[in-house]
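Any value given below was found using the heavy atoms of this structure, including those in side chains, with hydrogens, waters and symmetry copies removed. Residue numbers count from 1 along this sequence. For ligands, and for the atoms within them, numbers begin at 1 and follow the listed sequence.
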Amino acid sequence: MPLEKDWYTAQRDRIFFTWSAQQNVRGFEIVDAEGPRFKVAGQGWMWDLQSQTYNVCAGHRHPQIVARMIEQIQTLPAAHPHALLPVRMELAQLLHLHTGMHKAFFTTGGSEAVENAIKIARLVTGRSKIITRRTSYHGATLAVLGIAGDQRKKPFERDLANAFHIEDPYPAREADGEKCSDWLESLTHLIERENPETIAAILLEGMTGVNGMQTPPRDFWPGARKLCNDYGILLIDDEIFSGFGRTGKWWAWQHWGAAPDILVLGKGLTSGYGPMGAALVTEKIARHFDDKILWCGLTNFAHPVSCAAAVATLRVLENEKLVENAARVGEALRRRLLALNSGPGGAKIRDIRGKGLMQAIVFDRPSATFLELLWERGVFAPGAADMMFICPPLCLSEAQMNEIMDIVESALGTWN
Ligand code: PMP
């Protein structure tokens, strides 16, 4: 078929860009990718501080993941949701090993995984309310937009159900001898006010992603866990962003020491090589559905090629010790960021946040022009409002991190 125009203009005309007024998006052509970098036509190699959409955790174009997917495509590229397949079993076992959860429900992405976690929580508890943090993002579908606090719900707000939010100011007030932290206080009051017996679940991001990478006060997760135990409420942990080692531990909840009842995964599950999300549940929740219907299902449930991508991703994370690497390089990154903060460019920095290879710089002004400067210097960095995020693939070496931070430091010096 002859092209109507040059191909990238043709794409611009016929496929939407996400979350944007279309005329404001430039778009870029990726011609190659490897490890923590990708190559843009007319621009050259770029350090990927967004891991594309925070998902390419194992790095770009990893030969072992590619090979495993090709093998699956050649063996069986499509299968009924009830089909018993070795690749499904292998993935379920690996997830059990790394999460301690009992059983998995698979989806085609993160938002759907959160949706299904909510459905499961409502089916198991017979209750309906879902509590979230005011500063939270859990996905783009209507139900999840309504439940979470993110501003992207605004255009639809009129038609969404009432939300129940924990107030989570930042910096948070930590617990002192007499009083708990302000986050936990807000949660406790909310539960009392709403009647605990109407609350199905508390849904929390393992560590906040796009809304600013705030570290919760120390008593928040253990306190939330205790309230859940006391009132028969389920704790749902959304690790779509923070999971698979991004914060330097396999799951961010491990920093806070309070295990969830339902663990929601996405993004890094396949390292972005295939569409997939998952809601993993404890044995108690799993048993509920032995004799009761699980009212959840999707055409592409546990898609074999995505399963193959996920199995290979998990093997790469294990074999190449990428979780440990994220912790180590994340520590070194932290030191560079703190040095930047106390150096000459530090006047423009208000805060450094995050853990591992999930960190953010908060500036005293909008970050957009700084991100432009970085792009021109070979660094692809995401941001929002006054923030810049640093979320590279977990295979980034310390030397590569230092190379990137040298660029960030020199760009900061020229930014007005
Ligand atoms: N939860 C969190 C914490 C996320 O960061 C995201 C994606 N940014 C989602 C849910 C939604 O995942 P998806 O875009 O794959 O639907």
Side-chain angles (χ1 to χ4, degrees), residues 16-20 48-57 105-121 130-153 156 163 165-166 168 201-216 221 235-247 251-253 255-256 260 262-280 298 300-301 303 306 309-310 313 353-360 382-385 387 389-391:
F16 282 117
F17 292 110
T18 55
W19 302 117
S20 311
D48 188 358
L49 295 194
Q50 196 177 347
S51 302
Q52 296 305 293
T53 43
Y54 311 102
N55 53 354
V56 184
C57 291
F105 183 89
F106 290 107
T107 64
T108 56
S111 307
E112 273 177 1
V114 177
E115 288 259 346
N116 282 284
I118 291 168
K119 286 170 78 177
I120 289 170
I130 308 288
I131 289 177
T132 61
R133 285 180 41 212
R134 186 166 295 286
T135 315
S136 61
Y137 180 72
H138 293 288
T141 55
L142 280 171
V144 181
L145 274 181
I147 284 163
D150 189 273
Q151 291 305 300
R152 281 175 261 189
K153 70 159 84 180
F156 312 101
H165 294 315
I166 304 159
D168 55 358
I202 301 170
L203 166 62
L204 302 172
E205 281 160 275
M207 191 167 84
T208 324
V210 285
N211 276 303
M213 297 182 193
Q214 302 93 332
T215 307
W221 273 75
L235 182 60
I236 307 178
D237 175 17
D238 175 351
E239 297 263 3
I240 290 168
F241 196 129
S242 56
F244 297 96
R246 180 150 294 288
T247 68
W251 318 109
W253 74 256
H255 294 287
W256 329 125
I262 305 180
L263 180 66
V264 187
L265 307 177
K267 292 192 186 285
L269 176 56
T270 63
S271 212
Y273 288 52
M276 186 173 239
L280 273 53
L298 298 120
N300 285 312
F301 179 86
H303 192 278
S306 293
T313 294
R353 296 182 193 162
K355 283 184 181 297
L357 291 179
M358 182 171 170
Q359 302 206 38
M387 291 178 285
F389 302 135
I390 305 176
C391 301

Is it the side chain (CB and beyond), the backbone, both or neither of His138 that lies under 4.0 Å from ligand 1, heavy atoms counted? backbone
Measure the distances from the heavy atoms of Val210 to every atom of ligand 1 and state whether one is below 4.0 angstrom. no
Per side chain to side chain contact (heavy atoms under 4.5 Å, CB included), Asp168 is matched among Asn211, Leu204, Thr208, Thr135 by Thr135
List the closest protein heavy-atom neighbour of atom 14 (O) of ligand 1: residue, atom name, distance to the nearest 0.1 Å. Ser111 OG, 4.3 Å
Does the side chain to side chain contact (heavy atoms under 4.5 Å, CB included) test come out yes or no for Thr215 and Arg353, once each step is laid out? CA-CA 7 Å; Thr215 307; Arg353 296 182 193 162; 5.7 Å; no
Worked check of side chain to side chain contact (heavy atoms under 4.5 Å, CB included) between Leu235 and Trp253: CA-CA 11 Å; Leu235 182 60; Trp253 74 256; over 6 Å; no
Residue and atom name of the nearest protein heavy atom (relative to atom 8 (N) of ligand 1), distance in Å to one decimal: Lys267 NZ, 3.1 Å
Just by distance, no angles: are the side chains of His138 and Ser111 close enough, under 3.5 Å, to form a donor-acceptor pair? no
Stepwise side chain to side chain contact (heavy atoms under 4.5 Å, CB included) check, Lys355 with His255: CA-CA 10 Å; Lys355 283 184 181 297; His255 294 287; 3.7 Å; yes
Closest protein heavy atom to atom 15 (O) of ligand 1, given as residue, atom name and distance to 0.1 Å: Gly110 N, 2.9 Å
Which atoms from ligand 1 have a heavy atom of Phe241 less than 4.0 Å away? 5 (O)
Specify side chain, backbone, both or neither for Tyr137, according to which of its non-hydrogen atoms lie closer than 4.0 Å to ligand 1. both
State the atoms of ligand 1, each with its element, that fall below the 4.0 Å cut-off from a heavy-atom position in Gly139. 10 (C), 11 (C)
Are Arg246 and Ser51 packed together at the side-chain level, in the sense that at least one heavy-atom pair is separated by less than 4.5 angstrom? yes
Write out the residue and atom name of the closest protein heavy atom to atom 1 (N) of ligand 1, then the distance separating them to 0.1 Å. Asp238 OD2, 2.7 Å
Is there a side-chain contact between Phe105 and Ile262 in this structure, where contact means two heavy atoms from C-beta onward sitting under 4.5 Å apart? no
